[in-house]
Every structure is written in structure tokens, then in C-alpha cells.
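Let me begin by presenting the structure, written as C-alpha cells, before commenting on it.
Sequential numbering from 1 along the given sequence is applied to the chain's residues.
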Amino acid sequence: MGIYLNSKSPSDAYKSAASEKYFVDKSALIAELIPALGTSQRYFCITRPRRFGKSVMADMIAAFFGRTADSGELFSSLEIASPRITQQLKRASCEDYRRYLNQYDVVYIDFSEIPEHCNSYHAYITRILSVLKRDICTAFPEYSIDSSDSIWDILTAIYQENSQRFIFVLDEWDAIFHLDFITEADKKSYLLFLKSLLKGRIYAELVYMTGILPIAKYSDGSELNMFVEYNMATAERFSQYFGFSDSEVDRLYGIYQQSTEEPRFTRDDLRIWYDGYYSAGGERLYNPRSIVCALTNDQLRNYWIEEIKNDSENK
């Protein structure tokens, strides 16, 4: 097990999330990724506002595909195991979900994690490269790996030896662009790093990437044009997996009513306070962070605004 390659952290994080009182099962998302494995359509970029469940979904994907931890019991009770999803996979010429469960080496990187005392792009990217190389050396001790080689050359060499492929789950890929010390030259170097690591690489079985703002805001060239981007404003696909729908909030509010001796607000109050989004298909969406915090604390507040303010102050 490593920090980036075959880390147990995403699996543990998702198991923790799935055990929470106000958990919403979005595991059907996995059934939309499975048919893309190894195809030219294997590059996904999901962009959503802050606190809209992006990291939970990233954890879920790594927990499902990753070979580090046995998550069979967890997913057997979720929507991915339902007859509806089984039929969906069969129509896509894919077998039962269990064929793909815990079968892959997963590279999971949260780009919002900053090295201690980091004040340069060099320090930022060096940590990522050195840790990933160390993880690869640990996972594949039978290969003679030169740490001076590039990551993509190392992974290509491993693929050439045994056809080994990897799933990449990249959370908050655009976090670097919000750092004060990052220059325009640094941004170009970072985009080239992502291109070199991912674009056209045979060892990349699937690449799932999340961020806040569209790729086009940062990349106006061909660096990341292999991704199909799904944002909330224009893309209907995947919209049901990010944010809570009316029916999901109805269910969560029912749990709140049953477990709270004297509820302090109504279901309609939740709509008035937190109904601020619509999907591209016109479905009402609620910010998950705000809903869960309100139900947990038994109090209506601007939780989303407070989170954004705290994030800004901590940078």
C-alpha cells in the first residue's frame, strides 16, 4: 500500500461516509464508468461547485476499483449491486459488477494537499512525483526502476513487461491554480505534466478527474483535450450523482423527523434555505454539505458560505 498508488485512505473514507446517518447512495455512477474501461472514452472530468460531493464520489470510485481493500460487503448492499444496474451493464456488454470490483491498481491523488512549508511549484510537484515513484517501486519490486526516469516512462515500461494498467482518480485537479505562489509559467508546466502522464497512455485504463471550474478556464490548447467534461450548467449526464435531489432530501428529512424529538424546521424550510441549483436537465438540486449540516445540527444556517469563507482564510 502506498500514499498515491493503492492507498487504503479512499476506501476507508468511503466506508465511513456510507455508514453515516444521512448517507445518499450514488454508486450507480460506477456503472457508467465500467463500459469506458480501456476505450477512447475513458477520460472523464466532472466539474462542480465546492461541497457538492466530488470527493465522496472520487473515494467511492477508488474504493470500488482498487485492489488494496476488500469492499465486496460494502458494495453488495448499494445500488451498484441492484438488478437494474446488472441489466444496464449487460446491455453495455459488461458482466456483473463483481468482475471489476477490487481488480485494479489505482493511483489516487488529491491535488489540494499541499506539502509542509510549500511556497513554490517545484516543491509542490516534486512531492507528488517523488511519492508516486516511491509507491511504484514498493508495489513492483521485481522491476529495476530508475528514480531519475519520468513517471510516464516508468509506467510505460511496467506495461510493456506485463500489460499492467492503472486507474487514475484525480481529485481537485485545479487546486493548484488557486495558490498564491503559482505563476503563469507554473500553470503551463502543470498542464504539461498532466498531458504527459495521461494523454494517450496505454497504461491508463480509466482516468476520472474532478475540479471546480471548467478545463477551458485553465487550458486553451490541446493539453487536456482528451477529457470529456461534464459540468452542471450544460451537461445532463452524471447530474443525478452530484447534489441531492428533491426525493433524496425528502428521505433524509424523514430520517431527521424520526430521530429528532422536536424538529425545529420543516421540509419546506430546507427548500427555501438551500434550493439554489438546477441541473442542465432542469432538476432541482441541493448542496449536500448544507443539507447534511442542517439536519445534523438541527439548525438552518449558511453552511456553504461559511465553508467558502473558511477555505479562503486558510489559504
Any Leu78 side-chain heavy atom under 4.5 Å of Met60 side chain: no

How far apart are the C-alpha atoms of Ile34 and Phe65, what are their side-chain angles, what is the distance that settles it, and do they pass the side chain to side chain contact (heavy atoms under 4.5 Å, CB included) test? CA-CA 10 Å; Ile34 287 175; Phe65 288 112; 4.0 Å; yes

So, Ser290 side chain and Tyr303 main chain: donor-acceptor pair closer than 3.5 Å or not? no

Is it possible for you to say whether Phe242 and Tyr278 belong to one hydrophobic cluster, with membership spreading through side-chain heavy-atom contacts below 4.5 Å? no

How many angstroms lie between atom CG of Asn297 and atom CG of Leu295, to the nearest 0.5 angstrom? 9.5 Å

Contact summary for Ala81 and Thr86, nearest pair of heavy atoms: O-OG1, 4.3 Å

Leu29 versus Ile61: any side-chain heavy-atom pair under 4.5 Å? yes

Any donor-acceptor pair under 3.5 Å from Tyr43 side chain to Asn225 backbone: no

Hphob cluster co-occupancy, Val169 + Met1, side-chain heavy atoms under 4.5 angstrom: no

Here the pair of heavy atoms bringing Gln299 nearest to Phe265 is N-CE2, 3.6 Å

Look at the aromatic rings of Tyr121 and Tyr190 and report parallel, tilted or perpendicular, splitting at 30° and 60°. perpendicular

I'd like to check Phe64 versus Ser27 (side-chain heavy atoms, cut-off strictly below 4.5 Å). Are they in contact? no

Side-chain donor-acceptor pair present, Thr266, Asp269, cut-off under 3.5 Å: yes

Please list all pairs passing the salt bridge (charged side-chain N to carboxylate O under 4.0 Å, His left out) test where one or both residues lie in residues 136-161, with sequence neighbours left out. none

May I ask you to check whether Phe75 and Tyr14 place their ring centres under 6.0 Å from each other? yes

Holding to side-chain hydrogen bond (donor to acceptor under 3.5 Å, both in side chains), I want the full list of residues that pass it with Tyr256, two or more places apart in sequence or in another chain. Asp298

Which atom names give the shortest non-hydrogen contact between Ala69 and Asn102, and what distance separates them? O-ND2, 3.1 Å

Is a side-chain donor or acceptor of Gln103 paired with a backbone partner of Leu101 at a separation under 3.5 angstrom? yes

For the backbone of Ser16 and the side chain of Ser19, can you confirm whether one donor and one acceptor N or O come within less than 3.5 Å of each other? yes

Salt-bridged, Arg271 to Asp268, with N to O below 4.0 Å? yes

Is the closest basic N to carboxylate O distance between Asp171 and Lys54 below 4.0 Å? no

Calculate, to the nearest 0.5 Å, the distance between atoms OH and CH2 belonging to Tyr203 and Trp152 respectively. 7.5 Å

Using every non-hydrogen atom in the two residues, find where Ala294 and Leu270 come nearest and quote the distance to one decimal. CB-CD2, 4.2 Å

Under 6.0 Å from the NZ atom of Lys21, do we count more than 12 heavy atoms belonging to anything else shown? yes

Would you say that Tyr22 contacts Ile255 through its side chain, given a criterion of any heavy-atom pair below 4.5 Å between the two side chains? yes

Do Glu113 and Arg127 have side chains that approach each other closer than 4.5 Å (heavy atoms only, starting at C-beta)? yes

Testing the basics here: between Ser55 and Tyr108, what is the closest heavy-atom pair and its distance to 0.1 Å? O-OH, 4.3 Å

Tightest non-hydrogen contact, residues Asp110 and Ser112, listed as OD1-OG, 2.6 Å

Look only at the side chain of Ser77 and the backbone of Leu74, and say whether a donor-acceptor pair between them is shorter than 3.5 Å. yes

Parallel, tilted or perpendicular: ring planes of Phe177 versus Tyr218, cut at 30 and 60 degrees: parallel

Main-chain N/O of Ala36 paired with Thr39 side-chain donor or acceptor, under 3.5 Å: yes

Heavy atoms, side chains only, cut-off 4.5 Å: are Arg201 and Leu155 in contact? no

Would you sort out whether Lys15 and Ser11 count as a side chain to side chain contact (heavy atoms under 4.5 Å, CB included), showing the intermediate values? CA-CA 6 Å; Lys15 287 178 182 178; Ser11 180; 3.7 Å; yes

So, does Arg165 use its side chain to make a donor-acceptor pair with the main chain of Ile202 at under 3.5 Å? yes

For Asp59 and Val56, indicate whether the former's side chain and the latter's backbone hold a donor-acceptor pair under 3.5 Å. no

For atom CZ of Arg251, decide whether the heavy atoms of other residues, nucleotides or ligands shown that lie under 6.0 angstrom number more than 12. yes

Judged by atom type as modelled, is there a donor-acceptor pair below 3.5 Å linking the side chain of Arg48 to the main-chain atoms of Tyr230? yes

Run the side chain to side chain contact (heavy atoms under 4.5 Å, CB included) check on Asp174 and Glu172 step by step: do they pass? CA-CA 5 Å; Asp174 56 344; Glu172 304 288 0; 4.2 Å; yes

Ile154 side, atom CD1; Ile136 side, atom CD1 - distance, nearest 0.5 Å: 5.5 Å

Would you give the length of the straight line joining atom CG of Leu197 to atom CG of Leu170, rounded to the nearest 0.5 angstrom? 7.5 Å

Taking the side chain as C-beta and beyond, is there a heavy-atom pair between Ser245 and Gln240 under 4.5 Å? no

Nearest 0.5 Å please: distance from the CZ atom of Phe44 over to the CZ atom of Phe227. 10.5 Å

Which distance, rounded to the nearest 0.5 Å, do you find between the CZ of Arg134 and the SG of Cys137? 10.0 Å

Which pairs pass salt bridge (charged side-chain N to carboxylate O under 4.0 Å, His left out) with one or both residues in residues 25-47, sequence neighbours excluded? Lys26-Glu248, Glu32-Arg237

Would Met57 and Ile46 satisfy side chain to side chain contact (heavy atoms under 4.5 Å, CB included), going step by step from the backbone distance to the final call? CA-CA 10 Å; Met57 293 296 96; Ile46 309 292; over 6 Å; no

If you apply the rule side-chain hydrogen bond (donor to acceptor under 3.5 Å, both in side chains), what do you find for Asp186 with Thr183, and how did you get there? CA-CA 5 Å; Asp186 292 337; Thr183 67; 3.1 Å; yes

Do Ile30 and Tyr97 make a side-chain contact, defined as non-hydrogen atoms from C-beta onward lying under 4.5 Å apart? no

Tyr143 and Asn162: side chain donor to acceptor below 3.5 Å: yes

Salt bridge Arg84-Glu79, side-chain N to carboxylate O under 4.0 Å: yes

Examine Leu132 and Leu192 and state if one hydrophobic cluster contains both, with Ile, Leu, Val, Met, Phe, Trp and Tyr joined whenever side-chain heavy atoms are less than 4.5 Å apart. no

When you measure from the side chain of Asp135 to the backbone of Gly2, do you find a donor-acceptor pair of N or O atoms at a distance under 3.5 Å? no

